[in-house]
Amino acid sequence: MKFIKKNKFTIIAIICFLAIMLVAVEVKNIFFPSEGGAIYGDRLDGRDEVKPTNKEISKITDALNEQETVKEAKVVIKGKIINVLMTIDDGVSLEDAKGLANIVLEKLKKDQKEYFDVQVIIDKSNDSAQFPIIGYKHHSKEGFIFTKDREETAEQTEAES
């Protein structure tokens, strides 16, 4: 008892410190419940069965690079999205550029198209009012939907002013 009476402030400080630490751990668990879990959770289940191999990815990039209008093509897979990044020649029209996206779909298997979303980003090496354009194909849809034409949007903005 002498020890407790002599060191009562130290004991109270230690008990308060332990209580604060327990509260801090609980607050952390409330705000970050699955800190060690996978980023995508279970959304990527089944991905390994349909994921394009490196050989299939190189077939896509080779098919795009074989096109005279394509300067550079790159394919990157993130989660459930296949991102295709293309740089095209300056003289390519908007409609021809949109047609390049179909090459990607031709090289993918049916089950890959049904699992992955495909996003195509097409840009020119020079500054262009219409580029870059982005095409997106949801896994449940058949074709691409592209960003609205910038030229039309600029004309509409000027007409509204």
Side-chain angles (χ1 to χ4, degrees), residues 1-65 70-88 97-98 100-101 103-105 107-150 153-154 156-157 160:
M1 285 307 249
K2 283 184 182 180
F3 179 77
I4 294 174
K5 286 183 182 180
K6 189 176 181 182
N7 297 309
K8 67 180 173 183
F9 292 113
T10 306
I11 293 171
I12 291 172
I14 291 172
I15 291 172
C16 288
F17 177 76
L18 290 175
I20 290 171
M21 290 304 294
L22 286 173
V23 169
V25 168
E26 288 302 315
V27 168
K28 179 198 139 308
N29 288 338
I30 289 170
F31 286 110
F32 306 105
S34 60
E35 188 175 299
I39 293 172
Y40 290 100
D42 61 352
R43 292 175 285 181
L44 298 181
D45 289 349
R47 175 182 156 186
D48 293 334
E49 288 85 36
V50 296
K51 183 178 179 184
T53 63
N54 289 338
K55 189 175 182 180
E56 292 171 325
I57 291 171
S58 67
K59 284 182 183 179
I60 294 170
T61 55
D62 291 344
L64 291 169
N65 286 324
V70 177
K71 288 184 177 181
E72 180 185 6
K74 182 179 172 184
V75 177
V76 179
I77 299 175
K78 293 284 186 182
K80 287 183 72 170
I81 300 176
I82 299 174
N83 292 298
V84 181
L85 311 165
M86 277 187 269
T87 304
I88 59 174
K98 289 179 180 180
L100 293 170
I103 295 172
V104 177
L105 292 182
K107 297 296 178 186
L108 292 173
K109 297 175 185 171
K110 183 182 180 203
D111 56 348
Q112 292 169 337
K113 289 186 252 184
E114 291 174 351
Y115 184 83
F116 287 96
D117 291 357
V118 181
Q119 178 173 264
V120 178
I121 301 171
I122 304 172
D123 198 6
K124 287 187 177 181
S125 55
N126 70 347
D127 290 335
S128 174
Q130 293 179 326
F131 286 88
I133 59 171
I134 301 172
Y136 196 85
K137 183 208 159 297
H138 190 265
H139 63 270
S140 65
K141 304 293 181 188
E142 291 296 318
F144 284 94
I145 296 176
F146 283 87
T147 53
K148 189 167 181 140
D149 293 336
R150 291 193 171 97
T153 307
Q156 289 173 354
T157 306
E160 291 173 359

Chemist: Sort and list the pairs that fulfil side chain to side chain donor-acceptor pair (under 3.5 Å) and have at least one residue in residues 133-143, not counting sequence neighbours.
Modeler: Asp117-Tyr136, Asp117-His139, His138-Ser140

Chemist: Got more than 12 heavy atoms from elsewhere within 6.0 Å of CD1, Ile145?
Modeler: no

Chemist: Measure the CD1-CZ distance between Ile14 and Phe9 for me, rounded to the nearest 0.5 Å.
Modeler: 14.0 Å

Chemist: Which atom pair, heavy atoms only, marks the closest approach of Glu56 to Thr53?
Modeler: OE1-N, 2.8 Å

Chemist: Looking only at heavy atoms, which two atoms of Ala97 and Ile88 are closest? And how far apart?
Modeler: CB-CD1, 3.7 Å

Chemist: With rounding to the nearest 0.5 Å, note down the distance linking CD1 in Ile133 to NZ in Lys98.
Modeler: 6.0 Å

Chemist: Counting only heavy atoms not in Lys59, do more than 12 fall under 6.0 Å of its NZ?
Modeler: no

Chemist: Please report the interatomic distance CG(Leu64) to CD1(Ile122), rounded to the nearest 0.5 Å.
Modeler: 9.0 Å

Chemist: Applying side-chain contact (heavy atoms from CB on, under 4.5 Å), run through Glu26 and Asn29 and close with a yes or a no.
Modeler: CA-CA 5 Å; Glu26 288 302 315; Asn29 288 338; 4.3 Å; yes

Chemist: Indicate yes or no: at least one non-hydrogen side-chain atom of Leu108 is less than 4.5 angstrom from one of Ile82.
Modeler: yes

Chemist: For Asn54, does the CG atom have more than 12 heavy-atom neighbours from other residues, nucleotides or ligands under 6.0 Å away?
Modeler: no

Chemist: Indicate the atoms forming the closest heavy-atom contact of Phe144 with Ala101, along with that distance.
Modeler: CE1-O, 3.4 Å

Chemist: Which atoms form the tightest heavy-atom contact between Lys71 and Asn65, and what is the distance?
Modeler: O-OD1, 4.3 Å

Chemist: Which atoms form the tightest heavy-atom contact between Pro52 and Gln112, and what is the distance?
Modeler: CA-NE2, 3.4 Å

Chemist: To the nearest 0.5 Å, what is the distance between CD1 on Ile77 and CZ on Phe116?
Modeler: 5.5 Å

Chemist: Just how far is it from atom CG of Asp123 to atom CD1 of Ile134, taken to the nearest 0.5 Å?
Modeler: 9.5 Å

Chemist: Just verifying a value: how many Å separate Thr61 OG1 and Ile103 CD1, rounded to the nearest 0.5 Å?
Modeler: 12.0 Å

Chemist: Would you please name every residue forming a side-chain contact (heavy atoms from CB on, under 4.5 Å) with Asp48, sequence neighbours left out?
Modeler: none

